[in-house]
Student: 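Sharing a structure here in structure tokens format.
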Amino acid sequence: MSEQLEKGKFEQLVQRINPGNKLLRTWELKGGISAQVTAMEVMSPHGKAVKMIVRQHGTADLRRNPHIAADEFKLLQMLKILGLPVPSPYFFDETCKILSSPYIVIGFVEGETELNPDNVTDYIAQLASNLAKVHLVDGKQLDFSFLPIQEDVFREMLENSSADKDDSLHKGFIKRVLKSVWPLPSRNKHTLLHG
């Protein structure tokens with residue numbers, strides 16, 4: 001896709017979010033394996049520059065759930081209401097009229113990957129605290145029935161015997177080990193998991 005055509009698509013997208021928005025710039029974010037991720041800087045009608053993320057889910061996710069963008073948007077709205085530290089959900093679109101696949105637009109969270117933090121204990125405590133907040137969400141407060149049950153997802157993955165050409169993640173080995181002990185005993189109540 002030409003750079004000019006791509007810029008035009010993102011300009012349309014920011015206008016859909018708010019007709020007063022102006023696209024300042026876009027850049028690709030690398031590192032993910034399940035989605036194509038593009039960052040945008042947008043000037044709001046109030047004159048404030050805002051960074052956003054556009055995430056287009058990959059074919060495997062869309063095959064598993066064609067409404068994954070809508071579901072992720074709804075989930076982020078719910079988690080925001082509960083006060084969890086999640087990116088702000090701005091917009092989603094499943095029509096494929098602007099971009100070639102469904103996408104969600106969320107807030108850009110400043111940060112960087114820290115593989116060797118100065119204070120490992122503090123780093124792990126912060127991570128564990130935030131994960132615990134996610135896992136402690138009371139599913140009775142809000143309706144999470146639109147989310148997949150992970151046991152069903154994993155069972156489907158194990159039953160899918162298609163050969164993976166790229167085994168850099170050792171999926172074949174992992175599948176063989178899991179199949180040998182499947183189904184895993186359920187020791188915990190159903191809860192919201194991080195993803």
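Along the sequence shown, the residues carry numbers beginning at 1.
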Student: To check you understand the geometry: which heavy-atom pair defines the closest contact between P89 and I106, and what is its length?
Tutor: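 The answer is CA-CG2, 4.3 Å.
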
Student: Check whether the side chains of Q56 and S101 place a donor and an acceptor atom closer than 3.5 Å, and report yes or no.
Tutor: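 The criterion, which ignores hydrogens and geometry beyond distance, is satisfied for S101 and Q56.
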
Student: Output the distance between atom CD1 (I124) and atom CG (L131), rounded to the nearest 0.5 Å.
Tutor: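 Result: 11.5 Å between the selected atoms.
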
Student: Charged N to carboxylate O under 4.0 angstrom, K30 versus E28?
Tutor: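 Looking at K30 and E28, the cut-off is met.
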
Student: With a 4.5 Å limit on heavy-atom distance, are the side chains of L82 and V137 in contact?
Tutor: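 Result yes, sub-4.5 Å side-chain heavy-atom pair found.
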
Student: Taking atom CD as the centre, does Q150 end up with more than 12 heavy-atom neighbours from other residues, nucleotides or ligands that are less than 6.0 angstrom away?
Tutor: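 Counting other residues, nucleotides and ligands, CD of Q150 exceeds 12 neighbours.
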
Student: Restricting to non-hydrogen atoms, name the atom on V177 and the atom on S180 that form the minimum distance, rounded to 0.1 Å.
Tutor: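 In this case the closest contact between V177 and S180 is O-OG, 2.6 Å.
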
Student: Shared ILVMFWY cluster between I104 and L62, side chains joined below 4.5 angstrom?
Tutor: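 Cluster IDs for I104 and L62 differ.
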
Student: Tell me, with the steps shown, if V54 and F10 meet side chain to side chain contact (heavy atoms under 4.5 Å, CB included).
Tutor: CA-CA 9 Å; V54 179; F10 284 101; 3.9 Å; yes

Student: Are M40 and M43 linked, directly or through other ILVMFWY residues, by side chains that come within less than 4.5 angstrom of each other?
Tutor: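 M40 does not cluster with M43.
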
Student: Out of curiosity, L76 CG to I81 CD1, how far, rounded to the nearest 0.5 Å?
Tutor: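 Between L76 CG and I81 CD1, I get 11.0 Å after rounding to 0.5 Å.
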
Student: For N130 and K133, run side chain to side chain contact (heavy atoms under 4.5 Å, CB included): C-alpha distance rounded to whole Å, both residues' side-chain angles, the deciding distance at 0.1 Å, then the answer.
Tutor: CA-CA 5 Å; N130 282 311; K133 289 175 188 173; 3.8 Å; yes

Student: What's the verdict on side chain to side chain contact (heavy atoms under 4.5 Å, CB included) for L13 and Y103, showing C-alpha distance, side-chain angles and the deciding distance?
Tutor: CA-CA 10 Å; L13 191 157; Y103 60 90; 3.4 Å; yes

Student: Looking at I98 and K9, what are the two nearest heavy atoms and their distance?
Tutor: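 Here I98 and K9 meet closest at O-NZ, 3.0 Å.
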
Student: Can you tell me if Q36 has over 12 outside heavy atoms packed within less than 6.0 Å of its CD?
Tutor: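 Atom CD in Q36 is not packed in, count stays at 12 or less.
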
Student: Answer yes or no: is there a donor N or O on one side and an acceptor on the other, between the side chain of N21 and the main chain of Q15, under 3.5 Å?
Tutor: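 Judged by distance alone, no pair lies under 3.5 Å.
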
Student: Begin with the C-alpha distance, continue with both residues' side-chain angles, and end with the deciding distance and a verdict on salt bridge (Lys or Arg N to Asp or Glu O under 4.0 Å) for R25 and E41.
Tutor: CA-CA 5 Å; R25 66 185 177 118; E41 188 168 13; 2.7 Å; yes

Student: Mind checking the OH-CD spacing from Y90 to Q77? Nearest 0.5 Å is all I need.
Tutor: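 The OH atom of Y90 sits 13.0 Å away from the CD atom of Q77.
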
Student: Report the distance from atom CZ of F92 to atom CZ of R55, rounding to the nearest 0.5 Å.
Tutor: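 Nearest 0.5 Å value for the CZ-CZ distance: 14.5 Å.
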
Student: Could you check whether any side-chain N or O of K80 sits under 3.5 Å from a backbone N or O of V86, counting only pairs where one atom can act as donor and the other as acceptor?
Tutor: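 Flag set: sc K80 to bb V86 pair under 3.5 Å.
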
Student: Tell me yes or no: between the side chains of Q126 and D122, is some donor less than 3.5 Å from an acceptor?
Tutor: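 Indeed, the side chains of Q126 and D122 share at least one donor-acceptor pair under 3.5 Å.
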
Student: Tell me whether Y123 contacts the main-chain N or O of E114 through its side chain, where contact means a donor paired with an acceptor under 3.5 Å.
Tutor: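 Side chain of Y123 to backbone of E114: a pair is present.
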
Student: Could you go through the side chain to side chain contact (heavy atoms under 4.5 Å, CB included) check for V50 and F108 one step at a time?
Tutor: CA-CA 8 Å; V50 179; F108 182 94; over 6 Å; no

Student: Got a sec: does the NZ of K51 have more than 12 other heavy atoms crowding it under 6.0 Å?
Tutor: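 Yes, the 6.0 Å shell around NZ holds more than 12 heavy atoms from other groups.
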
Student: Rounded to the nearest 0.5 Å, what separates atom CG in L29 from atom CD1 in I53?
Tutor: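 If I round to the nearest 0.5 Å, the distance is 4.5 Å.
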
Student: How close do M78 and D143 get, counting heavy atoms only, and between which atoms?
Tutor: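 Heavy atoms of M78 and D143 come nearest at CE-O, 3.2 Å.
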
Student: Using atom types as modelled and distance alone, determine if a side-chain donor or acceptor of K179 lies under 3.5 Å from a backbone N or O of L158.
Tutor: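 Yes, because the side chain of K179 sits within donor-acceptor range (under 3.5 Å) of the backbone of L158.
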
Student: Which heavy-atom pair separates K7 from L23 by the least distance, and what is that distance?
Tutor: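 Closest approach of K7 to L23, heavy atoms only: O-CD2, 3.9 Å.
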
Student: Please determine whether residues I68 and L75 belong to a single hydrophobic cluster, defined as Ile, Leu, Val, Met, Phe, Trp and Tyr linked transitively by side-chain heavy-atom distances below 4.5 Å.
Tutor: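 Each belongs to a different hydrophobic cluster.
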
Student: So E151 and R155, salt bridge (Lys or Arg N to Asp or Glu O under 4.0 Å) or not? Walk me through it.
Tutor: CA-CA 6 Å; E151 289 87 352; R155 182 178 2 83; over 6 Å; no

Student: Transitively linked via ILVMFWY side-chain contacts under 4.5 Å: F146 with V134?
Tutor: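 Same cluster: F146 reaches V134 through Ile, Leu, Val, Met, Phe, Trp or Tyr contacts under 4.5 Å.
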
Student: Quick one: pull up CG in L184 and CZ in F154 and give me the separation to the nearest 0.5 Å.
Tutor: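 CZ of F154 is found 9.0 Å from CG of L184.
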
Student: Assess the side chains of E72 and H57: does a donor N or O sit below 3.5 Å from an acceptor N or O?
Tutor: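 Yes - a donor-acceptor pair under 3.5 Å links their side chains.
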
Student: Can R64 and D61 be said to form a salt bridge (Lys or Arg N to Asp or Glu O under 4.0 Å), step by step?
Tutor: CA-CA 5 Å; R64 196 169 29 256; D61 286 341; 2.8 Å; yes

